[in-house]
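Quantities reported herein were computed from a predicted structural model and do not represent experimental measurements.
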Amino acid sequence: MSMHKDKNVEIGDIVLHEGKEKMVIPGEEGLICLIDLHSFKKFITNDNILDSKVDEGEIRLLIKHKDIVIRSIKDFE
């Protein structure tokens with residue numbers, strides 16, 4: 001996936017695409033999906049198209065997957 005201009009986009013990252021927050025997830029047969037975090041609609045793409053959209057600024061990295069922390073509600077009790 002894109003490694004250009006320090007905009008490395010990988011599976012699990014949160015990106016901005018068409019003004020909406022989307023998560024990069026694996027798709028079928030080597031494709032990549034961007035799933036809208038509000039409507040859960042999928043945008044299907046591939047590595048080359050994703051890379052070009054990142055390079056052109058059409059897709060922007062918001063949050064790296066390694067920075068996302070998911071905790072159980074029990075952690076807050």
Item to check | Minimum heavy-atom distance C33-G27, with the two atoms named | outcome: SG-CA, 3.9 Å
Next on the checklist: Would a single hydrophobic cluster contain both V15 and I49, if residues Ile, Leu, Val, Met, Phe, Trp and Tyr are joined by side-chain heavy-atom contacts under 4.5 Å?
Outcome noted: no
Item to check | Atom pair CG/NZ of D36 and K41 - distance to nearest 0.5 Å | outcome: 8.0 Å
Checklist entry - Side-chain contact, heavy-atom cut-off 4.5 Å: M23 with L37? => result yes
Checklist entry - Where is the tightest heavy-atom contact between I25 and I11, given as atom of each residue plus distance? => result C-CD1, 3.7 Å
Checklist entry - Going hydrophobic residue to hydrophobic residue with side-chain gaps under 4.5 angstrom, can you get from L34 over to I44? => result no
Checklist entry - Is it the case that one hydrophobic cluster holds both F40 and L31, taking links as side-chain heavy atoms less than 4.5 Å apart, direct or via other members? => result no
Checklist entry - Once you round to the nearest 0.5 Å, how far does NZ of K20 lie from NE2 of H38? => result 8.5 Å
Checklist entry - How long is the span from the CD atom in E58 to the CG atom in L16, to the nearest 0.5 Å? => result 11.0 Å
Item to check | Distance (rounded to the nearest 0.5 Å) between R60 CZ and I14 CD1 | outcome: 14.0 Å
Checklist entry - Between CD1 of I32 and NZ of K42, what distance do you get to the nearest 0.5 Å? => result 13.0 Å
Next on the checklist: Can you confirm whether more than 12 heavy atoms, excluding those of K64, are under 6.0 Å from its NZ atom?
Outcome noted: yes
Next on the checklist: Could you tell me if the side chain of V54 sits less than 4.5 Å from the side chain of L61, heavy atoms only?
Outcome noted: no
Item to check | Backbone of I59 reached by a side-chain donor or acceptor of K22 within 3.5 Å | outcome: no
